[in-house]
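Just so it is clear: chains get the letters A, B, ... in the order the sequence lines come, proteins before strands, and each one is counted from 1.
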Amino acid sequence: MMKFLFMLIFMIPMCFMKNMFWMVQMMLFLLMFLFMNLGMSLNLFCNFSYMLSCDIMSYGLIMLSIWISVLMIMASENLYKMNFFLNFFLFNIIFLLIMLYLTFSTMNMFLFYLFFEGSLIPTLMLIIGWGYQPERIQAGMYLLFYTLFVSLPLLMGIFYLYNEMQSMMIYFLKFMNLNIYMLYFSMIMAFLVKMPMYFVHLWLPKAHVEAPVSGSMILAGIMLKLGGYGLLRLMIFLQEINLKLNYIWIVISLIGGFYISLKCFSQIDIKSLIAYSSVAHMSIVISGIMVMNYWGFIGSYILMIGHGLCSSGMFCLANISYERLHSRSLYINKGMMNFMPSMSLWWFLLMSSNMAAPPSLNLMGEISLINSLMSWSWVSMFMLMMISFFSAGYSLYLYSFVQHGKYYSGVYSYYTGVSREYLMLILHWLPLNILIMKIDYSMIWF
Amino acid sequence: MNNMKYSICFISFIFLFMMSMLNFIFMIYFIMNKLVILLEWEIISFNSISIVMSILLDWMSLLFMMFVFLISSVVIYYSKSYMSSELNLMRFIILVLLFVFSMMLLIISPNIISILLGWDGLGLVSYCLVIYYQNLKSYNAGMLTALSNRIGDVLILMVISWMLNYGSWNYIFYLEFMNNDWQMKFVSSMIIMAAMTKSAQIPFSSWLPAAMAAPTPVSALVHSSTLVTAGVYLLIRFNMLLLDTFFLKMLLLLSGLTMFMAGISANYEFDLKKIIALSTLSQLGLMMSILSMGMPDLAFFHLLTHAMFKALLFMCAGVIIHLMNDMQDIRFMGGISMYIPLTTLCMNISNMALCGIPFLAGFYSKDLVLEMVNFSTFNLSIFFLFYLSTGLTMFYSFRLVMYLMINDYNLMSIYNLYDEDYVMLKSMFILLFMSVISGSFLNWMIFPYPYMIYLPFNMKMMVIYVSLIGGMFGYLVSNMNIYSVNKFIMTYNLSNFLGMMWFMPNLSTYGLNYYFLKFSQNLVKNIDLGWSEIYSGFGMMSIMKKNSVLYNIYQMNNFKIYLFSFVIWMVIILFMMLFNI
């Protein structure tokens with residue numbers, strides 16, 4: 001595990017050399033390839049070096065974060081063309097990736113907390129540094145303070161845990177069972193805000209709308225999954241109390257998911273629509289984790305990975321339109337099929353993956369989550385049906401509004417998709433739909 | 001693209017036609033040797049549950065595949081001419097091929113998870129095909145189609161979760177075993193609902209006429225013979241589970257009403273394609289209702305024969321629409337039998353097959369269905385629904401024939417109709433041949449022993465009676481003059497109700513949209529921009545602001561006040577220490 005960390009650290013000087021934009025990307029591809037070949041024969045923690053190790057759960061998420069980072073570089077070619085603080089941008093991405101890598105692979109609770117919060121800084125830099133409107137300052141504040149407000153209790157909780165356990169090893173958490181209300185709330189609220197749960201989701205659409213494409217991709221792709229990862233890890237010593245209190249989160253998430261799906265119909269900003277749709281998906285993930293059965297855990301894990309790829313791809317698509325029309329409004333992004341018929345295919349494929357069409361990972365995850373929630377209580381069926389139905393509704397709404405019909409008559413010049421963009425979308429879509437062939441890597445992990 | 005000799009249309013036609021013949025041969029082999037092949041590919045197995053991708057090949061799936069391949073091959077060949085001025089012909093053909101592919105996946109999978117691949121695929125691809133033309137009407141129709149079908153998808157997802165306890169999702173193994181399990185009640189009700197969305201039965205039937213916004217070859221393939229029959233096919237597979245349940249009786253009532261409703265609405269309609277769509281809906285009701293009486297083989301039989309002549313009917317309609325400068329209103333047509341005799345021939349034969357004129361395709365299936373209805377012990381309302389709908393079939397068919405072929409040509413005074421589009425005609429002749437012979441050939445092939453029907457003379461002749469009466473009405477209605485049209489005003493409300501499919505399109509679009517969208521606006525206004533903001537970001541900011549102003553005021557005061565407050569604080573602490581509070 002250490003070797004990958006060192007590879008990343010020694011890539012930092014490379015970011016500051018001249019003309020290293022694509023080289024960094026290639027090196028990250030190489031890293032991805034090397035990491036993919038990591039022997040993951042066990043379902044337990046393996047590949048220990050110092051305090052780093054990974055099991056299947058962190059393996060998949062690390063892979064996702066490397067993959068999304070690669071595609072982030074690929075998506076931000078505009079910065080390369082304009083030479084817009086390129087070196088610092090690359091450094092930012094590498095720094096973010098290091099943070100994410102350490103968050104997922106560290107074995108120490110405190111270090112997990114440290115890197116969990118540390119990944120916020122580069123994200124904030126991305127939004128404030130490379131965002132578009134002046135409102136990005138406010139969006140950055142929302143992002144920062146929403147998450148910080150609940151993460152300090154988490155720090156306290158971790159200290160309490162250290163006092164109880166006399167160790168910070170994540171692996172040892174499974175020998176603990178703490179039934180303390182305050183501890184429970186302080187432990188999970190940080191992750192619920194990060195996910196984000198309904199009611200505390202306001203930072204997400206704001207951040208997405210103001211973020212550059214790379215920021216949106218990493219936010220939707222990985223940052224939301226940090227919350228899910230934290231819940232999956234910590235749930236093990238909160239089992240008993242969670243079974244008492246889980247109905248709160250499940251009810252909020254299910255009804256909230258339904259409401260959020262409805263809210264998607266009122267959005268006129270493409271990015272904010274996609275952001276709201278991620279909240280709707282994450283709400284099922286939260287409820288799946290909170291149910292605490294096997295199906296729920298694997299389902300939330302699979303849906304997290306699927307959604308990471310899918311929503312990141314959708315943000316790429318939104319950016320592709322944005323780069324050409326300089327607007328994210330649904331009233332201006334219209335009739336794109338007349339300009340970019342081939343891109344329309346990718347819009348459709350990613351939209352259909354977003355609404356959990358087969359054979360995407362999203363479908364597998366949704367099936368597992370529905371199974372788990374139905375075994376918890378069959379009344380949740382109705383809300384699940386609503387969420388699932390309206391997810392198709394807003395996906396198709398977005399697709400057809402952007403692609404179908406007449407184009408905006410104020411468009412004077414336009415250019416079709418370039419191969420870089422198609423490659424980027426293929427690299428999003430292919431793992432999303434191919435990984436289901438080897439789904440046991442996501443399904444059997446403890 | 002399509003000027004080349006080996007265009008994509010021609011290649012796809014050859015491929016699909018070969019596949020159809022191959023399936024035909026396999027079907028004969030399977031039916032003779034009573035073979036069933038079940039292939040399973042295990043994707044994952046854990047917690048004693050296995051998720052598999054299964055493929056079931058028996059005579060039924062092979063026969064259905066043969067028909068679908070045949071129809072799609074001729075439809076693709078036909079669209080070489082029909083879509084010849086289309087810029088993106090390649091996209092169109094690929095979409096149709098994708099549609100056929102997902103239909104195949106639906107037909108061969110007896111597993112409720114792997115059926116999703118076909119089921120969702122059908123919904124998505126048909127959405128793309130409905131919104132193929134870039135206008136608002138097709139946009140709305142596509143959304144209605146896709147979302148109605150999505151209800152079915154969601155119900156299938158729920159079925160998956162209800163079947164979790166059985167350890168596998170190969171439903172064919174559980175149909176008889178788990179018949180009395182209480183969870184199977186949920187499964188069967190949801191399967192019926194899902195099938196009703198795909199087959200456009202009554203609460204969901206508004207999408208089928210709306211989907212006529214698609215290009216005509218798509219209507220011929222998708223919305224007449226394949227996609228809409230997917231629901232019937234699913235119920236045929238699930239039949240063992242559903243026998244003698246309450247849900248099946250509900251289905252019988254709803255599908256009977258669908259049949260009746262569509263038959264009446266077709267008589268009020270003036271759009272050529274919509275008339276045929278409503279007639280499809282009526283026939284789907286017939287299939288569903290005979291299925292819910294417990295005769296799935298008859299439903300399957302009618303499904304196949306209907307697929308043939310309905311695809312043919314749509315293709316004829318396509319030719320006519322082409323010649324009429326894309327005009328679909330039947331009031332502008334008339335007398336076309338003088339100019340395009342070959343197309344008229346096809347149209348009349350398919351219409352007659354639809355009405356069940358003896359020894360054409362429809363006769364064998366429809367007559368058998370109706371006699372089995374007569375033979376069974378259902379009450380009078382079901383009986384009337386069946387027979388009135390049969391009469392109505394004749395009614396609208398005759399009306400259509402009268403409007404199209406008998407009167408004068410009404411569109412323009414200068415016109416040029418031609419019947420020499422051999423690409424279209426050739427493809428139509430294949431189906432013409434099939435819609436003549438497929439009834440008898442299937443009748444001999446798929447029923448190992450004949451149905452025994454024993455009826456009194458008048459009951460036996462009942463079909464002919466209602467058909468004759470219906471035909472007469474159709475003739476009279478199409479010859480009505482201006483005074484009799486005025487009389488419709490007397491029954492204005494009733495005509496409105498019957499002509500607008502019992503207000504179903506309105507109910508399922510405006511009736512639902514408005515409330516959900518209003519609710520969504522309210523949610524955004526009250527929660528996202530309202531309470532949530534006040535109690536988190538914005539509220540916290542305003543509190544901080546207020547307090548910092550307060551501290552500012554405090555700090556702007558005299559130094560004396562600090563000292564004074566320090567003294568007071570000390571006094572308080574002293575008192576507390578004194579009294580041991």
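Looking at B:R150, its side chain does come within 3.5 Å of a backbone N or O of A:S388 through a donor-acceptor pair. Under a 3.5 Å cut-off, the side chain of B:S520 and the backbone N or O of A:L262 do form a donor-acceptor pair.
Neither the backbone nor the side chain of B:M541 has a heavy atom closer than 4.5 Å to any heavy atom of chain A. If you measure heavy-atom distances from A:L396 to chain B, the contacts under 4.5 Å come from both the backbone and the side chain. There is no contact between A:S395 and chain B, counting heavy-atom distances below 4.5 Å. If you measure heavy-atom distances from A:Y276 to chain B, the contacts under 4.5 Å come from the side chain alone. Within the 4.5 angstrom heavy-atom criterion, only side-chain atoms of A:L363, from C-beta onward, approach chain B. When heavy atoms are compared at a cutoff of 4.5 Å, A:Y397 approaches chain B by way of both its backbone and its side chain. If you measure heavy-atom distances from B:Y535 to chain A, you find no contacts under 4.5 Å at all. Using a 4.5 Å cut-off between heavy atoms, A:Y259 contacts chain B through both its backbone and its side chain. Contacts of B:N135 with chain A are made by backbone atoms alone, with heavy-atom separations under 4.5 Å and no side-chain atom involved. With a 4.5 Å cut-off on non-hydrogen atoms, B:I160 touches chain A through its backbone and its side chain both. Neither the backbone nor the side chain of B:L87 comes within contact range of chain A; no heavy atoms are under 4.5 Å apart. Looking at A:W295, the atoms closer than 4.5 Å to chain B (heavy atoms on both sides) all sit in the side chain, from C-beta outward. Only the side chain of A:Y399 comes within contact range of chain B, judged by heavy atoms closer than 4.5 Å. Contact annotation for B:W531: neither backbone nor side-chain heavy atoms come within less than 4.5 Å of a heavy atom of chain A.
Separation of atoms CZ (A:F389) and CG (B:L147) is listed at 4.5 Å; rounding is to 0.5 Å. Taken to the nearest 0.5 Å, the CG atom of B:L157 stands 11.5 Å off from the CG atom of A:L369. One finds the CE atom of B:M158 at 5.0 Å from the CG atom of A:L384 (value rounded to the nearest 0.5 Å). Rounding to the nearest 0.5 angstrom, the gap separating the OH atom in B:Y127 from the OG atom in A:S352 is 11.5 Å. Taken to the nearest 0.5 Å, the CD1 atom of A:I439 stands 8.0 Å off from the CD1 atom of B:I51. The CG atom of B:L523 sits 8.5 Å away from the CD1 atom of A:I260 when rounded to the nearest 0.5 Å.
Aromatic rings from A:W378 and B:F186 are positioned such that their centres are separated by under 6.0 Å.
Put simply, of A:M374, A:M385, A:K406, A:H404, the one with the most heavy-atom pairs under 4.5 Å next to chain B is A:H404. Among the candidates A:M351, A:H201, A:M437, the residue making the largest number of heavy-atom pairs closer than 4.5 Å to chain B is A:H201. Listed options A:M364, A:M381, A:Q138 were ranked by heavy-atom pairs under 4.5 angstrom with chain B; first place goes to A:M381.
In this structure, B:F101 places its CZ atom where only 12 or fewer heavy-atom neighbours from other residues, nucleotides or ligands lie under 6.0 Å away. Counting non-hydrogen atoms of neighbouring residues, nucleotides and ligands closer than 6.0 angstrom, the OH atom of A:Y407 reaches no more than 12 such neighbours. Counting non-hydrogen atoms of neighbouring residues, nucleotides and ligands closer than 6.0 angstrom, the CE atom of B:M143 exceeds 12 such neighbours. Other residues, nucleotides and ligands place more than 12 heavy atoms under 6.0 Å from the OH atom of B:Y139.
The two residues B:V524 and A:K263 make their nearest non-hydrogen contact at CG2-CG, 3.6 Å. Nearest heavy atoms, B:E533 versus A:K206: OE1-NZ, 3.3 Å. Contact detail for A:S266 and B:Q521: the closest heavy-atom pair is OG-N, 3.7 Å. When every heavy atom of A:L202 is checked against every heavy atom of B:S536, the shortest pair comes out as CD1-OG, 3.8 Å. Minimum interatomic distance between B:S161 and A:N371 (heavy atoms only, all atoms of both residues): CA-OD1, 2.9 Å. Of all heavy-atom pairs between A:M355 and B:L124, the closest is CE-CD2, 3.8 Å.
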Practice item. I would like to know whether B:I43 and A:D440 meet side-chain contact (heavy atoms from CB on, under 4.5 Å); could you show each step before the answer? Key: CA-CA 8 Å; B:I43 294 170; A:D440 24 349; over 6 Å; no

Review point. Yes or no on side-chain contact (heavy atoms from CB on, under 4.5 Å) for B:R91 and A:M337, after CA distance, side-chain angles and deciding distance?
Key: CA-CA 12 Å; B:R91 184 203 301 165; A:M337 195 189 230; 3.4 Å; yes

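Aromatic ring pairs are classed by plane angle as parallel below 30°, tilted from 30° to 60° and perpendicular above 60°; the pair A:F258 and B:F519 is tilted. Between A:Y294 and B:F46, the ring planes are tilted. Angles from 30° to 60° get that label.
Side-chain atoms of B:M540 and A:F145, non-hydrogen and from C-beta on, never get closer than 4.5 Å to each other.
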